[in-house]
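Everything below concerns the one structure shown next.
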Number of protein chains: 10
Amino acid sequence: MDFLVRVDASRAYDLPADDRKDVIEQERVRGRELMAEGVLRHFWRLPGKRANIGVWTVADADALEEVLDSLPIRPYADIDVTPLATHPMVAAAKAAHP
Amino acid sequence: MDFLVRVDASRAYDLPADDRKDVIEQERVRGRELMAEGVLRHFWRLPGKRANIGVWTVADADALEEVLDSLPIRPYADIDVTPLATHPMVAAAKAAHP
Amino acid sequence: MDFLVRVDASRAYDLPADDRKDVIEQERVRGRELMAEGVLRHFWRLPGKRANIGVWTVADADALEEVLDSLPIRPYADIDVTPLATHPMVAAAKAAHP
Amino acid sequence: MDFLVRVDASRAYDLPADDRKDVIEQERVRGRELMAEGVLRHFWRLPGKRANIGVWTVADADALEEVLDSLPIRPYADIDVTPLATHPMVAAAKAAHP
Amino acid sequence: MDFLVRVDASRAYDLPADDRKDVIEQERVRGRELMAEGVLRHFWRLPGKRANIGVWTVADADALEEVLDSLPIRPYADIDVTPLATHPMVAAAKAAHP
Amino acid sequence: MDFLVRVDASRAYDLPADDRKDVIEQERVRGRELMAEGVLRHFWRLPGKRANIGVWTVADADALEEVLDSLPIRPYADIDVTPLATHPMVAAAKAAHP
Amino acid sequence: MDFLVRVDASRAYDLPADDRKDVIEQERVRGRELMAEGVLRHFWRLPGKRANIGVWTVADADALEEVLDSLPIRPYADIDVTPLATHPMVAAAKAAHP
Amino acid sequence: MDFLVRVDASRAYDLPADDRKDVIEQERVRGRELMAEGVLRHFWRLPGKRANIGVWTVADADALEEVLDSLPIRPYADIDVTPLATHPMVAAAKAAHP
Amino acid sequence: MDFLVRVDASRAYDLPADDRKDVIEQERVRGRELMAEGVLRHFWRLPGKRANIGVWTVADADALEEVLDSLPIRPYADIDVTPLATHPMVAAAKAAHP
Amino acid sequence: MDFLVRVDASRAYDLPADDRKDVIEQERVRGRELMAEGVLRHFWRLPGKRANIGVWTVADADALEEVLDSLPIRPYADIDVTPLATHPMVAAAKAAHP
């Protein structure tokens with residue numbers, strides 16, 4: 001199941017410079033793992049914001065919460081979650097070109 | 001997976017009286033089916049509103065969309081959906097008293 | 001009477017680590033009591049949030065305020081309360097299968 | 001239990017003049033009954049609005065919904081409901097001067 | 001003239017415990033005076049909030065501001081004020097039972 | 001007592017052209033009366049809007065509601081009312097130059 | 001350049017049934033073209049809504065407006081557009097696995 | 001003086017096709033006049049919207065209201081106006097390169 | 001040209017008592033100057049708020065920004081500005097009684 | 001491609017006086033560079049706000065993010081970005097007077 005997830009990390013920028021650096025570096029490591037696992041499939045920076053938005057693919061809301069809880073940036077992040085349903089045209093396209 | 005779903009049927013009250021009656025009757029029939037299937041597990045009226053709020057249990061967002069699309073009231077309903085994750089204390093209680 | 005209650009505990013995460021741990025542990029103890037008493041009947045985590053949402057069953061608003069005031073997390077919680085009325089279909093189902 | 005209830009009847013003013021007159025007259029009759037029953041205890045016009053706000057005293061949310069559903073203006077009303085808890089200072093004053 | 005006044009005292013809970021206790025005790029003393037003077041006629045706790053809502057009866061907005069400025073909690077309070085007009089049905093009831 | 005009153009007459013522009021003209025002409029007549037009576041003391045157009053904003057001077061909220069109810073545009077107007085209190089610097093200036 | 005685009009087609013459901021059917025069928029044809037052209041790369045239904053959300057890849061805002069203007073559903077659609085910037089981690093991943 | 005003006009013409013799209021065409025054609029004629037007069041200096045389409053946003057240069061709010069009132073689209077437009085002040089860096093640049 | 005200006009000085013109340021006193025005293029001096037110059041023509045306290053609202057008369061937005069920047073309270077103030085256009089009825093009244 | 005960008009620098013005013021001065025001076029230097037490069041083409045102060053609004057011309061959202069990230073004020077700025085599409089009337093005017 002897909003979720004649209006917006007992660008605003010503005011509060012991480014209130015940390016002392018060294019702590020912030022550490023958190024961001026750890027976050028990147030965890031992010032690469034999630035990309036490799038196919039969880040974090042598409043994501044973008046929102047220009048002008050300290051936030052990214054992306055599509056996360058997990059089994060369900062429990063799995064999403066577990067993954068979000070594993071993010072080093074979690075304590076400093078404001079996160080908005082939108083559940084996504086498969087569009088019938090996308091399903092049809094996949095059926096045609098499996 | 002559970003979703004909190006708020007269904008506002010205000011627009012159904014703009015229908016001619018007979019059509020409205022039909023839609024509401026059909027909706028009740030469908031509602032009873034969903035209760036019997038364990039999909040619509042808990043729901044309430046919001047006092048003063050033409051809306052109900054409830055917990056719907058389905059496999060994922062695709063299944064939820066399919067169920068919502070089967071509602072006779074759908075064309076007249078404004079629906080808000082919030083995904084819910086299992087609370088660890090509820091999981092612990094279920095594990096203790098399975 | 002049922003209330004839908006959303007408890008956002010974000011501010012507890014600004015506490016020093018030891019205080020936060022204490023508050024969360026005390027909150028869990030109180031939560032288990034409220035579950036045992038049938039007050040806190042259904043509740044969930046909101047994925048990505050430091051918040052839970054649930055259905056609380058008490059006599060009335062006075063009893064709800066008393067229970068909420070007993071929560072160790074109360075000083076750090078932003079709480080939203082929505083009163084719920086019994087849905088006639090639920091009442092009918094209970095009457096049929098008492 | 002007390003509820004603060006805001007009833008916005010703007011949509012009644014879209015009715016044909018005769019229907020509107022009928023609804024408003026019926027509403028006044030029902031309002032006087034509710035005042036006599038001690039349900040509608042305090043209420044006011046909101047200046048500039050087609051709305052009133054007041055304190056309604058009923059057993060619980062089910063009773064409130066039942067009363068609101070009995071209002072002739074209900075189909076044309078947008079209603080907001082806020083549950084109220086007894087203030088300890090009011091309780092103390094009542095205890096002192098019962 | 002009546003005003004609906006919502007007083008949110010959340011910020012008082014950021015004070016050191018002793019200061020907070022003092023402010024709340026002083027506020028109660030002032031509240032009892034205002035009740036005795038017939039200014040603070042009806043008020044309630046909002047369940048889950050650090051706020052109360054009530055009906056204040058004063059000559060006009062100047063008198064209201066003067067009274068609100070006399071509250072010990074004022075520096076820590078977020079206050080919302082709504083002017084209220086007499087409802088014709090209430091006026092009629094008073095005329096009938098003066 | 002002064003009130004800041006915003007009158008949005010957008011809905012009058014949905015009337016048939018002749019009715020709209022009539023209402024606007026009647027509104028101007030009533031407006032000139034209110035200016036002559038010192039009720040409508042200062043008012044402005046909000047550029048780009050079908051709305052005006054102004055300062056209305058009346059005894060209290062009851063008098064304001066009565067005046068607003070006398071406006072021919074009332075059925076088509078969305079009105080927002082803000083109570084105003086005398087600023088101490090204005091009071092001081094008036095005391096110095098009565 | 002990528003844009004996150006939310007297309008709410010609720011107003012199409014106010015059309016007469018035949019017109020609506022036509023518009024939706026035409027929209028699907030156009031949608032398949034945009035998928036084939038690589039413009040409409042990822043999109044989903046929002047459960048409970050008459051809306052979809054997706055990622056559109058075009059040269060710039062002019063190209064986006066041109067594409068949106070080509071949608072048969074455009075006259076009935078409320079569209080929200082968010083510009084997206086490449087995330088450095090995605091850029092790095094693409095550089096590593098071109 | 002400059003104003004940022006957002007003109008949303010969505011309601012013009014509810015007109016019968018011929019009327020809409022007329023209004024849009026008349027609006028373009030008037031727009032070209034305002035461009036030639038230096039009033040409408042910069043403006044853009046908002047992608048996905050039936051709206052434009054631009055910078056209008058006029059003497060003051062009275063002149064702006066007069067110009068906006070001359071727009072054929074005015075009865076169908078929702079207009080938002082933001083006053084703009086010269087930025088000191090722009091003033092300095094103009095002083096250096098008059 | 002007139003502007004409606006709302007000045008919320010809440011943040012000044014976070015200053016140490018002596019600094020706050022100084023700022024408020026300086027603000028009053030500046031306010032009296034602006035009243036004498038005819039800039040600050042009408043203003044009021046908003047009951048319950050740490051804010052005033054008033055009508056400021058200046059040449060244009062540049063002059064307004066310059067005047068607002070001269071306020072000692074500026075660093076602690078949240079300011080909202082609304083441009084006002086002369087109402088034709090006010091213009092007519094002035095023409096009749098110049 | 002053009003973007004409307006609103007930069008609110010309120011948080012820079014929480015910095016110690018010397019740091020704030022430094023950041024603002026560095027920001028002006030960077031601003032002059034961006035003006036010289038044709039990136040920052042039009043911008044204004046928003047009267048009463050610690051914010052400016054302007055039109056930024058860059059290749060796309062990636063280029064915009066890169067430029068915004070180069071601003072010394074970035075860590076203290078709240079930035080809102082709106083993509084702009086060429087208006088057909090502006091395109092026509094440019095084609096006529098290239």
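Any value given below was found using the heavy atoms of this structure, including those in side chains, with hydrogens, waters and symmetry copies removed. Proteins get letters first, then strands, A, B, ... in listed order; numbering begins at 1 in each. All values derive from a computational prediction rather than experimental measurement.
With a 4.5 Å cut-off on non-hydrogen atoms, G:Leu68 touches chain H through its side chain but not through its backbone.
More than 12 heavy-atom neighbours from other residues, nucleotides or ligands sit within 6.0 angstrom of CD on G:Glu33. The number of heavy atoms from other shown groups lying within 6.0 Å of CD (G:Glu66) does not exceed 12. For G:Asp14, the CG atom is densely surrounded, since the number of other residues' heavy atoms within 6.0 Å is greater than 12.
Between the side chain of G:Glu65 and the main chain of H:Arg45, no donor-acceptor pair closer than 3.5 Å is present.
A salt bridge links H:Lys49 with G:Asp80: at least one charged nitrogen is closer than 4.0 Å to a carboxylate oxygen.
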